[in-house]
S.K.: 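Could you have a look at this structure, given as structure tokens, before my questions?
In what follows, chains carry the letters A, B, and so on, assigned in the order in which the sequence lines appear, proteins first and then strands, with residues in each chain numbered from 1. In this text the structure is predicted, and so the values were computed from the model without any measurement.
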2 protein chains.
Amino acid sequence: MKAERGATLKALLGLLSLGPMSGYDIRALIQESIGHFWSESYGQIYPGLKRLATAGLVEKKTERQKGRPDRHLYSLTDEGREELWRWLRLPPVDEVPRNELLLKLFFGAQVPASVCREHVAAHLAKHEALLKRYSVVAKALEREHGHDPDLPYWLITLSLGRHTSSAEAKWCKETLKRLEELERKKKGGR
Amino acid sequence: MKAERGATLKALLGLLSLGPMSGYDIRALIQESIGHFWSESYGQIYPGLKRLATAGLVEKKTERQKGRPDRHLYSLTDEGREELWRWLRLPPVDEVPRNELLLKLFFGAQVPASVCREHVAAHLAKHEALLKRYSVVAKALEREHGHDPDLPYWLITLSLGRHTSSAEAKWCKETLKRLEELERKKKGGR
DNA sequence: GGGTGCATGTAATGGGTTACATGATTCT
DNA sequence: AGAATCATGTAACCCATTACATGCACCC
């Protein structure tokens, strides 16, 4: 398993460090825990687990179920945990930026300001919804994982979500004002 | 040219709407104008321009140069501009989140807090550098494009950079404090 | 009877980076 | 002499999503 660029396998190792899980479980867990900053599809998860097993970083146990397909439970091996630790120490590679909203706004002068306004309004709604969700999740975490040593770290990741979403929301509001002004200037003709 | 998911071709159209350019120019322009929220490699740009030309959305003119390879200058056709407009009106598809720093922090309890501290410190430095750059760029834009109708839109994109980078920086500082506290608690023994 | 959830996986396709290949000119 | 800039492009590779394929159980 020569070093990859992507972090999919590391994400799998990390999640398995929280306990044995199936691919299906992992998908669900991703969405409800790290969904606001990470995602994986089945097309990555299942082949990924297989590769990790071949490399000896995880162990597979099959659980029979009646009337349901078997569950393949994967758990970290010692080598797997060490691999995870090694990776955690490496400085994160920073992602290439790709923000389609900003790209459209950059060329915004080509279309009526109302078009941009609508894009920004939708963006605002999205982040306001996120902010609400973050509050709910924070409370749920504190309730359900009161003394878990992981808790402070989970809250740290949530906190960035809050900071950036409220920054985005603030920017949206300012931008909406600016766009309205641009519209007025156009219409009013000087 | 059946509808794509990626926005590479649209980005090319957008940049060409600012004036005729070569692939080389486009690369350079991306880095100095929209580099903080978009990127393209030559491996995308050159084939992309070729496809746009085949589809009749751009026109190619070759400029001879002495001692240098020919420059292939591309410019928008009317259909190209219309295609751009159509795309600008469509709501932006939101990107899948993938933040490796947060992923590492989420599993931070597995390694000494100092490891996370260093990752966060580097992140802070990055955003502080960005903030400086944004100021410089904003001034340069106002100086060089005083009455350009694009200017307000360019400033809007810059403004989001400022908002989010200062939010990230603030979060970094808070997080550094929290991590130091966690370190003290570990060492001091409850 | 039909949707949703459980549960696994593969194949096709798409989108993107990196490395390679070429070669003159100009700056240090 | 050597590095950087100008300038074009292709091929190999990697990473990821989506669609497909399967099938039982449970609820409405």
S.K.: With sugar-phosphate meaning primed atoms plus P, OP1 and OP2, does Ser39(A) contact a base, only sugar-phosphate, or nothing at under 4.0 Å between heavy atoms?
M.R.: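 Sugar-phosphate, backbone atoms only, no base.
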
S.K.: Under 4.0 Å, heavy atoms only, any strand: does Gly6(B) hit a base, just the sugar-phosphate, or nothing?
M.R.: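 Here Gly6(B) touches the backbone only, sparing every base.
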
S.K.: For a quick test of reading the model: is some side-chain N or O of Thr8(B) closer than 4.0 Å to OP1 or OP2 of dG16(C)?
M.R.: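 Yes, such a contact exists.
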
S.K.: Does Thr54(B) use its side chain to pair, donor to acceptor, with the backbone of Lys50(B) at less than 3.5 Å?
M.R.: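 Here the side-chain-to-backbone pair exists.
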
S.K.: Could you check whether any side-chain N or O of Asp25(A) sits under 3.5 Å from a backbone N or O of Ser22(A), counting only pairs where one atom can act as donor and the other as acceptor?
M.R.: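 A pair under 3.5 Å: yes.
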
S.K.: Take the protein atom CG of Asp94(A) and the nucleotide atom P of dT17(C), then report the distance between them rounded to whole Å.
M.R.: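 Checked: the CG to P distance equals 14 Å.
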
S.K.: Does Arg5(B) have a side-chain nitrogen or oxygen under 4.0 Å from the phosphate oxygens OP1 or OP2 of dT17(D)?
M.R.: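 False: Arg5(B) side-chain N/O out of range (4.0 Å or more) of dT17(D) OP1/OP2.
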
S.K.: Suppose we screen for side-chain contact (heavy atoms from CB on, under 4.5 Å). Which residues come up paired with Ser165(B), at least two apart in sequence or across chains?
M.R.: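 Partners of Ser165(B) by the side-chain contact (heavy atoms from CB on, under 4.5 Å) criterion, ordered by chain and then number, come out as His127(B), Leu130(B), Leu131(B), Tyr134(B).
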
S.K.: Between C1' on dG16(C) and CD on Glu95(B), what's the gap in Å once rounded to a whole number?
M.R.: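 About 16 Å, once rounded to whole Å.
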
S.K.: Between the protein and nucleotides 4-9 of chain C, list the N/O to N/O atom pairs that are separated by less than 3.5 angstrom.
M.R.:
{"unit_1": "dC6(C)", "atom_1": "OP2", "unit_2": "Tyr24(A)", "atom_2": "OH", "d": "3.1"}
{"unit_1": "dA7(C)", "atom_1": "OP1", "unit_2": "Gln65(A)", "atom_2": "OE1", "d": "2.9"}
{"unit_1": "dA7(C)", "atom_1": "OP1", "unit_2": "Gln65(A)", "atom_2": "NE2", "d": "3.0"}
{"unit_1": "dA7(C)", "atom_1": "OP2", "unit_2": "Arg71(A)", "atom_2": "NH1", "d": "3.4"}
{"unit_1": "dT8(C)", "atom_1": "OP1", "unit_2": "His72(A)", "atom_2": "N", "d": "2.9"}
{"unit_1": "dT8(C)", "atom_1": "OP2", "unit_2": "Tyr24(A)", "atom_2": "N", "d": "2.9"}
{"unit_1": "dT8(C)", "atom_1": "OP2", "unit_2": "Tyr46(A)", "atom_2": "OH", "d": "3.0"}
{"unit_1": "dT8(C)", "atom_1": "O5'", "unit_2": "Tyr46(A)", "atom_2": "OH", "d": "3.4"}

S.K.: Whole angstroms only, please: what is the CD-P distance between Glu40(B) and dG15(C)?
M.R.: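 Spelled out: CD on Glu40(B) to P on dG15(C) is 12 Å.
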
S.K.: From CD of Glu100(B) over to P of dC15(D), roughly how many Å is that when rounded to an integer?
M.R.: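 The answer, rounded to whole Å, is 12 Å.
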
S.K.: Rounded to the nearest Å, what distance is computed from the NZ atom of residue Lys61(B) to the C1' atom of nucleotide dT8(D)?
M.R.: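 Checked: the NZ to C1' distance equals 20 Å.
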
S.K.: Just how far, in rounded Å, is P of dG15(C) from CG of Leu12(B)?
M.R.: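 So the CG-P distance, Leu12(B) to dG15(C), works out to 14 Å.
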
S.K.: Determine the contact category for Arg98(B): base if any of its heavy atoms lies under 4.0 Å from a base atom, sugar-phosphate if only primed atoms, P, OP1 or OP2 are that close, otherwise nothing.
M.R.: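 Result for Arg98(B) = sugar-phosphate.
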
S.K.: Ile45(A) has an atom CD1; how far is it from atom P of dT17(D), in whole Å?
M.R.: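 So the CD1-P distance, Ile45(A) to dT17(D), works out to 9 Å.
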
S.K.: Salt bridge (charged side-chain N to carboxylate O under 4.0 Å, His left out) between Lys10(A) and Glu83(A): does it pass, once the steps are laid out?
M.R.: CA-CA 8 Å; Lys10(A) 314 302 158 133; Glu83(A) 179 67 21; 3.0 Å; yes

S.K.: Whole angstrom is fine here: how far is it from CD in Gln44(A) over to P in dA11(C)?
M.R.: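 It works out to 15 Å between those atoms.
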
S.K.: Evaluate the side chain to side chain donor-acceptor pair (under 3.5 Å) criterion for residues Glu59(A) and Thr77(A): first the C-alpha distance (whole Å), next the side-chain angles of each, then the deciding distance (0.1 Å), finally the verdict.
M.R.: CA-CA 6 Å; Glu59(A) 238 176 8; Thr77(A) 62; over 6 Å; no

S.K.: Indicate yes or no: does Arg98(B) engage Glu40(A) in a salt bridge with an N to O separation below 4.0 Å.
M.R.: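 Salt bridge present between Arg98(B) and Glu40(A).
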
S.K.: Could you verify whether a donor N or O on one side chain and an acceptor N or O on the other, from Glu168(A) and His163(B), lie under 3.5 Å apart?
M.R.: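 Side-chain D/A pair, Glu168(A) to His163(B): absent.
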
